[in-house]
Asks: 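A single structure is presented below for examination.
Atoms considered below: every heavy atom in the structure, side chains included; atoms not considered: hydrogens, waters and symmetry mates. Within every chain, numbering begins at 1; the chains are lettered A, B, ... in the order of the sequence lines, protein sequences first and strands thereafter.
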Protein chains: 2
Amino acid sequence: MSAAGARPVSIFDVAKRAGVSHQTVSRVINDAPQVADATRAKVKAAISELGYRPNRSARTLAGGAVRSVTVFTFDTALYGTAETLRGIEDGAAAAGFTVLISVLDPDQTYTDDDILSRLSHDGAPAIVIAHDDTTTRARRILREARPGAVVATGDDKLSREPDAADWLVSLDDRAVAERATRYLLSMGHRTVHYLAMPGRARRQDGWADALAEVGVEAPEPVQSGWTIGSAAEAAAALVADPDVTAIMCGNDDLAFGVLHAAHRAGRSIPGDLSVVGCDDSPLAAFNVPPLTTIDLDFRGVGRGAFELLHAKLEGRERPRPVWRSPELLVRETSGPPRH
Amino acid sequence: MSAAGARPVSIFDVAKRAGVSHQTVSRVINDAPQVADATRAKVKAAISELGYRPNRSARTLAGGAVRSVTVFTFDTALYGTAETLRGIEDGAAAAGFTVLISVLDPDQTYTDDDILSRLSHDGAPAIVIAHDDTTTRARRILREARPGAVVATGDDKLSREPDAADWLVSLDDRAVAERATRYLLSMGHRTVHYLAMPGRARRQDGWADALAEVGVEAPEPVQSGWTIGSAAEAAAALVADPDVTAIMCGNDDLAFGVLHAAHRAGRSIPGDLSVVGCDDSPLAAFNVPPLTTIDLDFRGVGRGAFELLHAKLEGRERPRPVWRSPELLVRETSGPPRH
DNA sequence: CGCTCGAACGTTAGCGCTAACGGCCCTTTC
DNA sequence: GAAAGGGCCGTTAGCGCTAACGTTCGAGCG
């Protein structure tokens, strides 16, 4: 244990104590072969006696294996991004990686340089959780600068790019929204309205596709912001309309906003109005009434994103996805229309 | 702009281009005085022409000013910790700091070395968001190793330590819970029950103190986990008891769990049962019915934590707190008891 | 007019680590 | 029994930056 203030113990201190060269110590801490067992044991003993811990900056500088990722996101507090981040952290911790966070303000415009200088060094690996325009732009900038070391999650409009398979880790948001919409249609609703969050274009596509399939013209989607309050406001007119019997929401938070607005408008759930969310956030199952939604494994996606990045860095094959597949959870905010 | 794959531009490349020494470039990027305006301009031009961006690892290694913080937390997805993290990130970004995340698993036991080796280098600064035993332990380990560079938020049992003022950034959780309990008492409830989350001992203290003030013996607090589900389960017996008319919850998530359990038990809110949360999470205002709770400015606390750390690193005075003071928000889950 | 002094730079020496290479010694092989 | 081959370890040279000290040169002074 190095005393506070004193110069931290370095690889040379360990080397002297163990009676070997500093390079041998380096070999031991990097699990390199070519070290005799006896020597290895001696070095490890010296390491723990002195409380030596490698300096990550020095390792990075000296050009060893990469051991950090920078995660770009626009909000660490939203359920989806928070869980994705958590998944990334899980994977990173298991691999001995350090995770750096860089939060991008959606209302700000960043230059290429603004984005790139947030990396710990030129060409450092990054994961972008892209759900809005700002993060999508950041993703493009980063990928241009370092195609081999940047992956992304999310489902913005640009995920349709041809090479997306190479760097995108994502659930099939289109299919997910399509399934939920079909479910509502199957309950007998004439049509389904859509409350859209910023970005996430593919969910909206899925909703539109499901309607097109049965020959129903899609009503104009209603645009909401990311907050519950903005959803309640955006949905006010929708819930006031007695002809509206089913609303599909971009995510659970928006659905809670709709539920709130519906309550204020005096409409009963699910009798007058069916509401379906997306994400299965922690509250969905415990809301009163419990929210019908789709379980999305964001944490798994985050882990998958890290693993893809890790594989790319080590030149390995793309690993197989490891997340749960989405599942429609029918609870108590949806049902057949009354009339 | 450095081409992908090619060696990134260094301070020497800039120096050559500008016709100065590398040290002059260093002075320019560090805003040091002693550089003629004309030279400074020349160097800045070279920097932008070449797309030079300083290597953070090299700067750290060379012993320049500290430019990163490691944040220790046990869950990045919980509302309180997520918002605190966000506040830290805000402050850090403004000061040009890099934020590293280190998530600690509450179910795991870490050695001193496990914790310390998560820092980017020996003695790197850290902020601990301490709400449970694991993070509290981490806080102690880190502070012992580097008292000058570790601050914490949260309100665990150990925040009563004598020197806490020096490193703790925290809301007065005791007063907050006391105020909420007093409010319930003032509505005519004979007593108030408490649903406790892990850690956060001071909130429980505040509740107990409020009861003691009016000479009511505090009922046994009910212990919950962090999840809404665990709260619903833990509160099942409580809500089934018709003598229980008011429950104070450790945070909003627990309150949602109680609301859910109460609904299942067929008790009406707030007629049969008053429920008060704590945190004012985004959903509280939009829940049906809207949740009575206390607004806590976690983001402000996070910013305050970063600013305290920053001040310590630069040897400045402790800055004044900058967060909103807590406020009781009486909404629709609380009221006078029916009988 | 020589001197001091300070502004404005340059030079040198590390920070702690890894890569690359070199050297020693003990086997193995024909 | 000499050559070839490895296993094991040491030496050297950086990575990109900053700290500390040196140097130059012109202004200001008596």
Asks: Taking only heavy atoms on the protein side, list every residue of residues 61-72 of chain B lying under 4.0 Å from any atom of DNA chain C, sorted numerically.
Replies: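 Per residue number, the list reads B:Leu61, B:Ala62.
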Asks: Students should find this one: the first and last nucleotides of DNA chain C, 5' to 3', lying under 4.0 Å from a heavy atom of chain B. What are they?
Replies: C:dA7 to C:dG16
Asks: Is there a side-chain contact between B:Ile29 and B:Tyr52 in this structure, where contact means two heavy atoms from C-beta onward sitting under 4.5 Å apart?
Replies: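 Yes. Closest side-chain heavy atoms under 4.5 Å.
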Asks: Using the closest heavy atom to pick a nucleotide of DNA chain C for each, name whichever of B:Arg27 or A:Ala58 lands nearer the 5' end.
Replies: B:Arg27
Asks: Where each residue is assigned the nucleotide of DNA chain C containing its nearest heavy atom, which of A:Ser26 and B:Thr24 is assigned the position nearer the 5′ end?
Replies: B:Thr24
Asks: Going by the rule side-chain hydrogen bond (donor to acceptor under 3.5 Å, both in side chains), which residues pair with B:His22 if we only count those two or more places apart in sequence or in a different chain?
Replies: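 Expected list: none.
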Asks: Can you sort out which residues in residues 31-41 of chain A have a heavy atom within less than 4.0 Å of DNA chain D? Ascending by number, please.
Replies: A:Gln34, A:Val35, A:Ala36, A:Thr39
Asks: Sequence neighbours excluded, which residues qualify as salt bridge (charged side-chain N to carboxylate O under 4.0 Å, His left out) partners of A:Asp105?
Replies: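 Partners of A:Asp105 under the salt bridge (charged side-chain N to carboxylate O under 4.0 Å, His left out) test: none.
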Asks: Considering all heavy atoms of both residues, which atom of B:Pro125 and which atom of B:Leu119 are nearest to each other, and what is their separation?
Replies: O-CD2, 4.4 Å
Asks: Let me check something: any side-chain donor-acceptor pairs from residues 60-69 of chain A under 3.5 Å, sequence neighbours excluded? List them with distances.
Replies:
unit_1  : atom_1 : unit_2  : atom_2 : d
A:Thr60 : OG1    : A:Arg56 : O      : 2.8
A:Arg67 : NH1    : A:Ala65 : O      : 3.3
A:Arg67 : NH2    : A:Asn30 : OD1    : 3.1

Asks: Out of A:Val103, A:Ile129, A:Ile115, A:Ile101, which residue meets the side-chain contact (heavy atoms from CB on, under 4.5 Å) rule with A:Phe72?
Replies: A:Ile115
Asks: Would you mind listing every side chain to side chain donor-acceptor pair (under 3.5 Å) that reaches into residues 297-311 of chain A, with sequence neighbours excluded?
Replies: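 Pairs touching residues 297-311 of chain A that pass the test: A:Glu83-A:Arg299, A:His310-A:Glu314.
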Asks: Indicate yes or no: at least one non-hydrogen side-chain atom of B:Val43 is less than 4.5 angstrom from one of B:Val20.
Replies: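 In short, these two side chains touch, coming nearer than 4.5 Å.
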Asks: Test of understanding: with side-chain hydrogen bond (donor to acceptor under 3.5 Å, both in side chains), list the residues that count as partners of B:Lys42, not counting sequence neighbours.
Replies: none
Asks: Has A:Lys312 got a side-chain atom pairing as donor or acceptor with A:Asp166's backbone, closer than 3.5 angstrom?
Replies: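 Flag set: sc A:Lys312 to bb A:Asp166 pair under 3.5 Å.
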Asks: Could you give the angle between the helix axes at the two ends of the helix from C:dC1-D:dG30 to C:dC30-D:dG1, with five pairs per end, rounded to 10 degrees?
Replies: 40°
Asks: Listed in order of residue number, which residues of residues 93-101 of chain A have a non-hydrogen atom at under 4.0 Å from DNA chain C?
Replies: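 Hits under 4.0 Å, by residue number: none.
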Asks: Under the rule for side-chain hydrogen bond (donor to acceptor under 3.5 Å, both in side chains), what residues qualify as partners of A:Arg40, not counting sequence neighbours?
Replies: none
Asks: Measure from the side-chain N and O atoms of A:Asp90 to the backbone N and O of A:Gly87, and report whether any donor-acceptor pair falls under 3.5 Å.
Replies: no
Asks: B:Phe74: which residues meet the ring-ring contact (aromatic ring centres under 6.0 Å, His included) condition with it, sequence neighbours left out?
Replies: B:Trp226
